[in-house]
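Quantities reported herein were computed from a predicted structural model and do not represent experimental measurements. Any value given below was found using the heavy atoms of this structure, including those in side chains, with hydrogens, waters and symmetry copies removed.
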Amino acid sequence: MKSEQTTTPVLALQQQRLLLQLEYETEKESFRKQTEDTGLLRKMKRGDAWWPVTIGRNYYNSLNQLVVEVFRTCDEEVEHNFEPGRPVAFFTIQSDVTAPTGSTRQPSKLRYFPFTATVSYVDGDRMVVSLPDSAQLIDIQGSGQVGVQLFFDETSYRTMFQALDRVMRAKGRLGYLRDLFYSHAKQGGGMKVETFSFAPLHFPYLNPTQEEAVNQVLRAKDVAIVHGPPGTGKTTTLVEAIYETLRRENQVLVCAQSNMAVDWISEKLVDRGINVLRIGNPTRVNDKMLSFTYERRFEAHPDYELLWAIRKAIRELRAHRKRGDEKYHQKMERLKDRANELEIRINAQLFGEARVIACTLVGSANRLLDGQKFATLFIDEAAQALEAACWIPIRRCSRVIFAGDHCQLPPTVKSIAALKAGLGMTLMERIVENRPEVVTLLKMQYRMNEEIMRFSSDWFYGNQVESAPEVKFRSILDLDVPMTWIDTSQFNAECGTESVEVATAVPAGEGMAAANSKLYTQNSKLFQEEFVGESFGRINRAEAELTLMALQHYFEKIGKQRILDERIDVGIISPYRAQVQYLRSQLKKKEYFKPFRSLISVNTVDGFQGQERDVILISLVRSNDEGQIGFLRDLRRMNVAMTRARMKLIILGDAKTMTRHPFYKKLYEYIEAL
């Protein structure tokens with residue numbers, strides 16, 4: 001970090017741009033390779049493609065975009081990755097070269113249509129896609145069997161590059177914030193963070209550190225950070241800070257990295273009675289979410305019907321243009337001027353009434369926000385966003401409030417070289433390091449049993465996080481041990497002792513079939529990781545089986561009726577997607593879990609970010625003689641996984657492999673001592 005302290009902010013941002021360019025090239029090449037080399041069946045299984053699809057009705061939406069409905073017709077049980085705002089490409093394949101039923105042969109090379117569309121709305125197996133113009137719709141409708149797949153997102157990168165270029169050239173307020181964020185408080189002559197001075201306000205429904213955070217936000221002239229460890233009420237604090245800010249300012253901009261995070265904070269603000277205008281399409285598709293989207297508000301405006309009639313007249317005039325019609329251009333210009341006038345009037349009213357404008361970081365570049373300025377920007381989940389993405393909305397604002405936790409999931413960076421060179425360091429993390437005086441750590445958590453929380457607090461938060469009295473001793477069973485580690489390395493011992501070891505870990509005498517305990521006596525190395533599939537995903541089949549056995553055993557202790565009556569929910573987490581898919585398939589086959597299907601979720605660590613469950617099981621997968629643990633070395637992932645549990649945490653993993661790393665060694669010893 002010493003060299004960075006001596007470099008200028010502009011040079012540091014130039015370095016960021018180079019690293020972002022490297023990430024862009026890596027992701028683009030990876031996508032090209034995947035598109036060319038990965039078979040269609042594999043893409044469908046990964047949730048990146050639908051084929052074949054049914055094309056439904058087409059119409060013009062409130063933004064005057066031509067949209068078409070697309071329906072998935074097979075593999076409905078596969079979770080897909082389509083979400084609003086993502087670019088997609090349509091494709092066809094020749095029906096006579098498709099692989100026969102039951103064959104492993106892949107279809108021939110796909111033929112892509114020469115345009116990129118955008119997902120406008122997704123609801124289960126129905127998707128609404130906006131097209132560039134009507135010519136493409138005719139091509140799709142006349143092409144027999146059609147599919148749709150996710151496409152490379154050029155727009156997000158282009159927007160981030162433009163933001164970095166603007167910040168590097170900036171003078172005035174934006175240039176000041178840039179220099180402030182990159183200067184170090186400890187350096188002599190460094191820039192000083194400006195604050196207002198007033199007596200602290202009291203909020204009886206907040207705890208002391210939450211109250212301190214809200215006061216810090218209100219005092220900040222330039223920047224403040226709300227650092228919220230798991231379960232500490234970061235969203236509650238942020239909503240209160242926004243509410244209090246709106247008592248002093250007319251309007252604020254609220255952003256987050258993902259649509260889901262924007263939806264979450266927007267819902268909480270609406271619950272407080274705040275008028276939110278959501279720019280971009282929500283991921284959480286329900287009436288409550290849709291009611292405060294820009295599109296729905298636009299359609300509900302009294303002038304919308306007149307605007308729609310004028311737009312329809314423009315389309316009909318174009319379609320029925322007569323050769324030699326001298327008045328065509330005159331009529332067209334008159335209609336366009338009237339449509340523009342109405343659109344400006346509707347937008348002015350919608351934006352004038354809204355107290356909060358909410359969108360993703362990249363979405364803040366939307367043309368609807370052109371010319372808009374805000375006194376305050378709030379960025380939620382800021383520790384998951386690339387620095388370049390944060391600068392996109394900062395260009396519109398005078399001061400910035402970050403909220404998040406840099407000890408949880410980092411931004412996704414696919415280029416190893418860019419990651420090692422520092423692209424993964426977020427703007428929030430940079431300010432935490434350079435300007436610790438602007439950070440408030442929330443210290444009271446309301447989610448976990450004390451013993452589950454304690455290890456995370458000690459390792460990641462300097463032992464500063466405490467449990468609220470009402471959750472300190474929460475548990476499902478009396479005298480239950482809140483954390484257990486089932487060590488799979490003991491099952492890889494000599495065959496003669498294995499069945500005894502399994503019985504110790506998962507007692508067969510308490511409702512478990514004796515056959516299950518014998519499952520692991522057949523081979524001395526069954527609990528071993530392996531590679532599967534074209535993308536070489538890691539999987540540990542025996543560990544997955546044992547994970548479900550451990551859950552069944554715990555359920556039998558609780559009792560079926562109590563689980564159903566109290567809706568005791570469970571999360572099964574694995575860092576590896578291949579293991580998640582295998583666990584899901586095995587869970588479906590187990591008759592025992594049929595009544596509990598709605599209560600059990602299986603997903604990656606990223607998939608559980610921001611969520612919590614009564615019971616969490618973690619399948620670590622890694623088991624090898626070299627002690628290699630791959631990206632499990634990024635301890636922030638494990639922090640997220642462990643802190644999803646309210647009352648019971650069960651970790652399954654090869655202790656001999658994992659405990660070569662000091663973090664997992666200390667974690668294993670901590671759990672063993674409980």
Inset, instruction - Flag the pair Phe90 / Tyr112 as yes when their ring centroid distance falls below 6.0 Å, and as no otherwise. - result: no
Legend entry - Minimum heavy-atom distance Leu369-Ser364, with the two atoms named: CD1-O, 3.6 Å
Legend entry - Shortest non-hydrogen contact between Pro132 and Thr116, atoms and distance: CG-O, 3.6 Å
Could I get the full list of salt bridge (charged side-chain N to carboxylate O under 4.0 Å, His left out) partners for [X], not counting sequence neighbours?
X      : answer
Glu29  : Arg32
Arg613 : none
Glu612 : Arg447, Arg646
Arg296 : none

Legend entry - By ring pair (Phe, Tyr, Trp, His ring centres under 6.0 Å) - contacts of Tyr24 (at least two apart): Phe152, Tyr157
Inset, instruction - Not counting sequence neighbours, which residues clear side chain to side chain donor-acceptor pair (under 3.5 Å) with Asn58? List them please. - result: none
With distance as the sole criterion, is a donor-acceptor pair present between the side chains of [X] and [Y] under 3.5 Å?
X      : Y      : result
Arg278 : Asn259 : yes
Gln579 : Ser619 : yes
Ser415 : Glu23  : no

Inset, instruction - Considering only NZ, NE, NH1 and NH2 on the basic side and carboxylate oxygens on the acidic side, decide whether Glu343 and Arg311 come within less than 4.0 Å. - result: yes
Inset, instruction - Just say parallel, tilted or perpendicular for the rings of Phe151 and Phe31, cut-offs at 30° and 60°. - result: perpendicular
